[in-house]
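Comments concern the structure below.
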Amino acid sequence: MRDSAPSPAAPAGEQAPGKASEKAPGDPLVLHVLGARPNFVKAAPVVRALDALGVRQGIVHTGQHYDALMSDVFFADLGLPEPVANLGVGSGSHARQTAALLTGLEEVVLEHGPALVVVYGDVNSTLAAILVCAKLQIPTAHVEAGLRSFDRGMPEEVNRVVTDALSDILFATSPDALSHLSNEGVDPSRVHLVGNPMIDSLFSALDRLDPAPVRTRLGLPERYGVATLHRPANVDDPAAAKELVDAVLQVSERLPIVVPIHPRGRERLAAAGLVTGGNLLIVDPLGYVDFLSLVRGASLVVTDSGGVQEETTMLGVPCLTVRPNTERPVTVTHGTNRLVTPDLLPAAADKALADGAATPSGELPPLWDGKAGPRIARVIVSWLKGENLSPASQAVPPKSL
């Protein structure tokens, strides 16, 4: 670690100070592997906090989300530095995409020789990075460890389980994640309850989340809903996609619905009838600030995304998640989220619109306080210094567990 004073952290929306190459070359290097929109949101607070502590670090952008609307704009919105490598793997089947990621990430890791590789969430980039590092014996840390849907039919669930089994440091966002990791036999000295860095990013951006300009640009009235749909279970099967689209169309009879369409499944959803017309507006993916501004002003959100469940909980917006399960149950017990099936979606929308946005507990989940990034950074710095990380030296006091 360097001895000079730490650099100040950049607020969201500004370029984070310094790139990996601008730190002292002899300092240990931390590489962050990012592949999809949620990864950028979770990484930004960690990158800023590590920079403030003087850590040499770099970002590897795998290009799993590969167009400007799906990734590049997030670097600007979140103040992330330019990546040290961009693999540009693009889309493809799970096997083809993961194979390209394995090959590309192996070359990057061998070239840069990091002391630690940090991965985020549960996408294929996360899985590939963990496998590469395990084979090369490069230490790893997993941010958002321990989340479980207990549905192995979800590709993300497989990625989560494998990633946690191979990670050296595991950062949990919620107490239930600690129980899942314990049940799987993970050494508790490797696990740290730190809170949710996605909420850090949201806290940092709150003063820039103004629904009015986005609503005006899209021609929306003051009362509207937002829908995000991309899960394979909802999109890949034509019958399932048709059932979901029909339910969303019924909800759009209650209020206008804007749908930022993820490239995944765009054609299938369009074939099922999800096209602009009537009270339904289909738009391209939005940047981080624009999307959350839209969500902040919404009367209702319909989603199958994990991160949106958390963001609506923080913003107090009623959320209906069209899935049979969630790896984020805290958004149901402490938030505004409710799990629904497509056939129950219209009735659930009526109830959510009538009830408004009160949270069941009246408060946010534990440690959703905007300070997860600094907690993660402190653990990583201690690890880089070779300090013993026992359960007694968790990122938060044991009583918070």
Legend entry - Expected output: side-chain Asp164 to main-chain Gly146 donor-acceptor under 3.5 Å: yes

Legend entry - Test item: Glu327 side-chain N/O and Leu147 main-chain N/O as donor-acceptor pair under 3.5 Å: no

Legend entry - Donor-acceptor contact present, side-chain Tyr120 to main-chain His32, <3.5 Å: no

Inset, instruction - Taking only Lys NZ, Arg NE, NH1 and NH2, and the carboxylate oxygens of Asp or Glu, determine whether Arg266 and Asp284 approach each other closer than 4.0 Å. - result: yes

Legend entry - Geometric class of the Phe40/Phe75 ring pair [parallel <30°, tilted 30-60°, perpendicular >60°]: tilted

Legend entry - Pair Arg378 + Glu387: basic N to acidic O under 4.0 Å: no

Legend entry - Donor-acceptor pair, side chain of Arg208 and main chain of Asp77, under 3.5 angstrom: yes

Legend entry - Test: Glu184 and Arg148 ion pair at under 4.0 Å: yes

Inset, instruction - Before giving the answer on side chain to side chain contact (heavy atoms under 4.5 Å, CB included), spell out for Leu202 and Leu209 the whole-Å C-alpha distance, their side-chain angles and the decisive distance to 0.1 Å. - result: CA-CA 9 Å; Leu202 191 45; Leu209 302 185; 3.6 Å; yes

Legend entry - Between Thr126 and Asn159, a side-chain donor and acceptor under 3.5 Å: no

Inset, instruction - Answer yes or no: is there a donor N or O on one side and an acceptor on the other, between the side chain of Ser149 and the main chain of Asn325, under 3.5 Å? - result: no

Inset, instruction - Determine, for Arg375 against Asp200, whether the closest basic-nitrogen to carboxylate-oxygen distance falls under 4.0 angstrom. - result: no

Inset, instruction - Run the numbers on Met314 and Met198 for side chain to side chain contact (heavy atoms under 4.5 Å, CB included), then give the verdict. - result: CA-CA 10 Å; Met314 165 66 183; Met198 180 172 276; over 6 Å; no

Legend entry - Asp290 side chain vs Leu286 backbone, donor-acceptor pair below 3.5 Å: no

Legend entry - Donor-acceptor contact below 3.5 Å, side chain Ser252 vs main chain Leu249: yes

Legend entry - Arg296 side chain to Leu206 backbone, donor-acceptor under 3.5 Å: yes

Inset, instruction - Answer yes when Asp151 and Arg323 have at least one side-chain N-carboxylate O distance shorter than 4.0 Å, and no when they do not. - result: no

Legend entry - Atom CZ of Arg96 with >12 non-hydrogen neighbours under 6.0 angstrom: no

Legend entry - Polar side-chain atom of Asn183 near backbone of Ser179 as donor-acceptor pair, under 3.5 Å: yes

